[in-house]
Amino acid sequence: MKAYQILPGANIDALRCIDYPDRQLGHGEVRIRVHAVSLNYRDLMVASGNYLVNVDDPIIPCSDGAGDVLETGPGVTRVQVGDRVAASFFPYWQDGRTSPEKIRHALGGDIDGMLAEEVVLHEDALARIPASLSFIEAATLPCAGVTAWNALFVSSNGTKPGDTVLLLGTGGVSVLGLQLARAAGLRTIITSSSEDKLRRARDLGAHHTINYQATPEWHEDVLALTQGRGADVVLEVGGKGTVNRSVAAAAMGGTVAIIGGVSGFGGEVNPASLLSSAKRMVGIFVGSRAMLEALMRFADVSGLKPVIDRVFPFAQAQQAYRYMESGSHFGKVVIDVTSQDN
Ligand SMILES: NC(=O)c1ccc[n+]([C@@H]2O[C@H](COP(=O)([O-])OP(=O)(O)OC[C@H]3O[C@@H](n4cnc5c(N)ncnc54)[C@H](OP(=O)(O)O)[C@@H]3O)[C@@H](O)[C@H]2O)c1
């Protein structure tokens, strides 16, 4: 079978499609025919060597994939041949609070990921895909979707319908966050550098949109739009260039979910900016299989259809990475592993 490999840090040009040897299934393992893989900013970080881990050998990249079960190994009870499944970002974090043990490995980070025609995973790493989601849609959920779910509904301070959420930019996490928030009855404010993307966000139901380039003091607009109150939850993906404005834009007792650093990490947050307003900052590191399962259920019940910006055939994985790198996407970029096109 064919699989892509990359040496972390060797850059996108080093992404190669190779013939990958099949291996026998061990106890509890499952062979999955991958149908679709979605890209995350993190996959660009792995390629450029800016991701957290040091790896000396090439790996199969990408955390987010969906497919069907081809074969089950001895002792497998959770899934059957033919089941439609997605893999959880952290294969050892099934439920509960995180721990070093649970996040010791991450797909496509320090161990092989999903950008292959077939993968072998432990059954505990798998979540069933509801019939309402296609493989392409389901492949968008394990990283970006679970991260947004965790920030909005698990690690925040009890988000309720009618609360306000602030989303930064229109990448994968933020657009899924917008869709989840709308489906859950939250008021949504989203920023972007592009008027066209803001129009698309309004088409998706965003209540308010702000161009963060035209309005560099965008946190003041958030306060004005909320009658001075601020956002109950902020999905902070910007990093050093945005974090202080995100704190300023949060409501008293609100949560700033620290997710990413598209403008780089670093900078300082004055503890006093949290103190008397009882604001919380909480680190988000994707989430557990249980969160992925809860998200799948929610998607099924609410009819959520993740926004897919563009789908590339398997042979064009490098082009898909380059497109993601260009930042022109709105929502998710997906690779159709079953497509034979060049
Ligand atoms: N902690 C976790 O568990 C976790 C999980 C997933 C992702 N992340 C992190 O979250 C970040 C976003 O990931 P992603 O996959 O959603 O990325 P993505 O799809 O590549 O989206 C990046 C978006 O960020 C926006 N952006 C860039 N500079 C900005 C700024 N100064 N202010 C506001 N928005 C800005 C741009 O939106 P416009 O084009 O609309 O301007 C761009 O489209 C990354 O840093 C990633 O590593 C963390």
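Every value quoted in this text rests on a predicted model; they were computed, and no experiment measured them. Start at 1 and go down the list; that is how both ligands and their atoms are numbered.
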Handout entry: Within 45° cone of Tyr4 ring axis and under 6.0 Å: Arg16 NZ or CZ
Key = no
Exercise for the section: Applying side-chain contact (heavy atoms from CB on, under 4.5 Å), run through Arg202 and His207 and close with a yes or a no. Expected result: CA-CA 7 Å; Arg202 285 191 293 275; His207 293 89; over 6 Å; no
Handout entry: Asp300 and Arg297 ion-paired at < 4.0 Å
Key = no
Handout entry: Polar contact flag, side-chain donor to acceptor under 3.5 angstrom, Ser192-Ser194
Key = no
Problem - salt bridge (Lys or Arg N to Asp or Glu O under 4.0 Å): pairs with one or both residues in residues 49-69, sequence neighbours excluded - result: Arg33-Asp68
Problem - Glu29/Arg23 salt bridge by N-O under 4.0 Å criterion - result: yes
Short N or O separations between ligand 1 and the protein, below 3.5 Å:
unit_1: ligand 1; atom_1: 1 (N); unit_2: Ile259; atom_2: O; d: 2.8
unit_1: ligand 1; atom_1: 1 (N); unit_2: Ile284; atom_2: O; d: 2.7
unit_1: ligand 1; atom_1: 3 (O); unit_2: Ile284; atom_2: O; d: 3.4
unit_1: ligand 1; atom_1: 3 (O); unit_2: Val286; atom_2: N; d: 2.6
unit_1: ligand 1; atom_1: 15 (O); unit_2: Tyr41; atom_2: N; d: 3.1
unit_1: ligand 1; atom_1: 16 (O); unit_2: Gly172; atom_2: N; d: 3.1
unit_1: ligand 1; atom_1: 16 (O); unit_2: Val173; atom_2: N; d: 2.9
unit_1: ligand 1; atom_1: 19 (O); unit_2: Gly172; atom_2: N; d: 2.8
unit_1: ligand 1; atom_1: 19 (O); unit_2: His329; atom_2: NE2; d: 2.8
unit_1: ligand 1; atom_1: 20 (O); unit_2: His329; atom_2: NE2; d: 3.4
unit_1: ligand 1; atom_1: 26 (N); unit_2: Tyr212; atom_2: OH; d: 3.4
unit_1: ligand 1; atom_1: 37 (O); unit_2: Thr170; atom_2: N; d: 3.2
unit_1: ligand 1; atom_1: 39 (O); unit_2: Lys197; atom_2: NZ; d: 2.9
unit_1: ligand 1; atom_1: 40 (O); unit_2: Thr170; atom_2: N; d: 3.1
unit_1: ligand 1; atom_1: 40 (O); unit_2: Thr170; atom_2: OG1; d: 2.6
unit_1: ligand 1; atom_1: 40 (O); unit_2: Ser192; atom_2: OG; d: 2.5
unit_1: ligand 1; atom_1: 41 (O); unit_2: Ser193; atom_2: N; d: 2.9
unit_1: ligand 1; atom_1: 41 (O); unit_2: Ser193; atom_2: OG; d: 2.7
unit_1: ligand 1; atom_1: 41 (O); unit_2: Tyr212; atom_2: OH; d: 2.6
unit_1: ligand 1; atom_1: 45 (O); unit_2: Gly261; atom_2: N; d: 3.0

